[in-house]
Amino acid sequence: MSDLNGKVALVTGAASGIGLEIARHLATQGAAVAIADLNLDGAQAAAEALKAQGHQAMAVAMDVTSEEQVNKGVADVIAALGGVDILVSNAGIQIVNPIENYNYADWKKMLAIHLDGAFLTTKAVLPYMYENGADGKPRGGVVIYTGSVHSHEASPLKSAYVTAKHGLLGLSRTLAKEGGKKNVKSYVVCPGFVRTPLVDKQIPEQAKELGISEDEVISRVMLGNTVDGIFTTVEDVAATVGFLAAYPTAAMTGQSFIVSHGWHMK
Ligand code: NAD
């Protein structure tokens, strides 16, 4: 596939898990990829691996909750790779606890990483996307947020996560309406459970909170409502992002796409 030749993609939280596979996938579609993460060593290793395969890639140190780091990171990407045509706002964490025990500091941290991070990265790339290109028309671009089935559905213990992931729908839909005239498209991709470090950490935590075994957390809580009893894969999610990043018209802008092996349908 080469449908993103000449495009530049910035993926946050791309040193690990879903973001890492999205970065790889967009690179195989021809995009130059900026791998932004808190974990600079991981981002550098990922960028080096892509470069070794002949792709154009760079690592960016970025805490998505820091306006200064986001603005600097985006400026560095534009300077090094020539622009930002695709933003994948993907960085995220998980903290599980029932509401009555949920620390206020954890609540604020969750909303900051998922929502402030999405807002700040979006705000930082829009001036480039809105600016006129060589043809005198706005360059445009694509912004894709990693939501979750929890953008549409709730689960116990995840108040902050569910709130933040629902919030991304609002940001994406607003951007779709504001950015439409400037040829900016916006989507939320909503995975089911994907076996990444973020999920591995939750399995014992949920088992303890819910008073069930780790196997039951997997078979009942995580996969019980899927049609095939298997985890969504990083490849499932990356292929969806790649499809949307390359989709030529605004026919689907503002939509969210659930990638969950039938767990949730909407
Ligand atoms: P992961 O832990 O494998 O990767 C998350 C990455 O984000 C890490 O590299 C981490 O260093 C980075 N990160 C964390 N805080 C950051 C910050 N403040 N600034 C920059 N980078 C930061 O997790 P994952 O499962 O790949 O999750 C990626 C996204 O997918 C998250 O938004 C998550 O909510 C979402 N998601 C995951 C699942 C799942 O089952 N794994 C399901 C639905 C949605």
Side-chain angles (χ1 to χ4, degrees), residues 10-25 34-47 59-74 87-96 106 108-121 124 144-155 158 160-169 171-172 188-203 205-206 217-218 221-223 226 230-238 240-241 256-261 263-264:
L10 167 60
V11 186
T12 70
S16 171
I18 293 171
L20 177 59
E21 187 58 29
I22 290 171
R24 282 195 199 120
H25 191 90
I35 305 212
D37 208 288
L38 261 186
N39 170 2
L40 182 58
D41 288 347
Q44 280 169 336
V60 182
M62 185 188 288
D63 177 347
V64 296
T65 69
S66 158
E67 184 171 21
E68 197 187 333
Q69 287 187 32
V70 168
N71 289 345
K72 179 177 184 318
V74 169
L87 166 66
V88 184
S89 171
N90 166 82
I93 62 165
Q94 180 61 281
I95 301 173
V96 292
D106 286 344
K108 285 195 279 197
K109 183 176 179 184
M110 288 291 288
L111 297 198
I113 295 175
H114 292 272
L115 287 179
D116 298 1
F119 166 73
L120 290 172
T121 49
I144 300 174
Y145 302 96
T146 304
S148 166
V149 161
H150 288 109
S151 298
H152 295 279
E153 173 69 277
S155 292
K158 296 190 175 175
Y161 190 79
V162 170
T163 302
K165 292 300 191 188
H166 274 65
L168 290 176
L169 296 176
L171 177 62
S172 174
V188 184
V189 171
C190 299
F193 283 99
V194 184
R195 202 76 198 258
T196 66
L198 179 143
V199 158
D200 284 340
K201 178 173 162 284
Q202 268 178 72
I203 294 170
E205 291 172 355
Q206 290 220 32
V217 170
I218 294 173
V221 178
M222 297 188 165
L223 303 179
T226 62
I230 61 171
F231 279 95
T232 300
T233 64
V234 291
E235 289 82 6
D236 291 331
V237 182
T240 309
V241 169
S256 67
F257 297 82
I258 300 170
V259 185
S260 72
H261 288 236
W263 164 18
H264 189 82

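Here the structure is a predicted model, which means the values were calculated and not measured. One-based numbering, in listed order, for ligands and for the atoms of each.
- Between the side chain of Asn39 and the backbone N or O of Ala15, no donor-acceptor pair lies under 3.5 Å.
- The ligand atoms of ligand 1 that sit less than 4.0 angstrom from a heavy atom of Ile18 are 26 (O), 30 (O), 36 (N), 37 (C), 38 (C).
- Within the 3.5 Å criterion, the main-chain N or O of Asp236 finds a donor-acceptor partner in the side chain of Thr240.
- Distances shorter than 4.0 angstrom do not occur between any heavy atom of Thr12 and any atom of ligand 1.
- Aromatic ring orientation, Phe193 versus Trp263: parallel (interplanar angle below 30°, classes split at 30° and 60°).
- The Phe193 neighbourhood of ligand 1 comprises atoms 40 (O), with distances under 4.0 Å to a heavy atom of that residue.
- Side chain of Lys201 to main chain of Thr196: no donor-acceptor pair is present (N/O by atom type, distance under 3.5 Å, no hydrogens or angles).
- Of the protein's non-hydrogen atoms, the one nearest atom 7 (O) of ligand 1 is Gly13 CA, 3.4 Å.
- In this structure, atom 3 (O) of ligand 1 lies nearest to the protein heavy atom Ser16 OG, 2.6 Å.
- Looking only at distances, a side-chain donor or acceptor of His166 sits under 3.5 Å from a matching main-chain atom of Val162.
- Ligand 1 is approached by Gly147 to a heavy-atom distance shorter than 4.0 Å.
- Using a 4.0 Å heavy-atom cutoff, Gly117 is absent from the residues neighbouring ligand 1.
- Only the side chain of Val199 comes within 4.0 Å of ligand 1, judged by heavy-atom distances.
- Here the closest heavy-atom approach between residue Gly92 and residue Ile113 is recorded as CA-CG2, 3.9 Å.
- Against a heavy-atom cut-off of under 4.0 Å, Thr146 is close to the following atoms of ligand 1: 29 (C), 30 (O), 35 (C).
- Nearest to atom 17 (C) of ligand 1 by heavy-atom distance, out of Leu38, Asn90, Leu20, is Leu38.
- Across Val64, Thr65, Asp37, Ile35, heavy-atom proximity to atom 12 (C) of ligand 1 is greatest for Asp37.
- Listed by chain and residue number, Ala112 satisfy the side chain to side chain contact (heavy atoms under 4.5 Å, CB included) test with Asp116 (two or more places apart in sequence, or in another chain).
- Only side-chain heavy atoms of Lys165 come within less than 4.0 Å of ligand 1; its backbone N, CA, C and O stay farther off.
- Looking at His114 against ligand 1, only its side chain comes within 4.0 Å, counting heavy atoms.
- Atoms of ligand 1 lying under 4.0 Å from any heavy atom of Tyr161, numbered from 1 in the order shown and given with element: 33 (C), 34 (O), 35 (C), 36 (N), 37 (C), 43 (C), 44 (C).
- In terms of protein heavy-atom proximity, atom 14 (C) of ligand 1 is closest to Ile93 CG2, 3.8 Å.
- A donor-acceptor pair under 3.5 Å links the side-chain atoms of Gln69 to the main chain of Asp63, judged by distance alone.
- Near Asp63, with a cut-off below 4.0 Å to any heavy atom, the atoms of ligand 1 are 17 (C), 18 (N), 19 (N).
- Among protein heavy atoms, atom 25 (O) of ligand 1 sits closest to Thr196 OG1, 2.4 Å.
- Across all their heavy atoms, Ala238 and His25 have their closest contact at O-CD2, 3.5 Å.
- Here the side chain of His150 pairs no donor or acceptor atom with the backbone of Thr163 at under 3.5 angstrom.
- Checked by atom type and distance alone, the side chain of Thr12 never pairs as donor or acceptor with a backbone atom of Ser89 at under 3.5 Å.
- Side-chain atoms of Asn90 do not come within 3.5 Å of backbone N or O of Thr146 as any donor-acceptor pair.
- Residue contacts with ligand 1 include Pro197, since one or more of its heavy atoms lies under 4.0 Å from the ligand.
- Contact atoms of ligand 1 toward Leu198: 2 (O), 23 (O), 25 (O), 27 (O), 33 (C), 41 (N) (distance under 4.0 Å to a heavy atom of the residue).
- Listed by atom number, the atoms of ligand 1 under 4.0 Å from Met62 heavy atoms are 19 (N), 20 (C).
- Atom numbering of ligand 1 starts at 1 in the shown order; those under 4.0 Å from a heavy atom of Ala91 are 7 (O), 20 (C), 21 (N), 22 (C), 32 (O).
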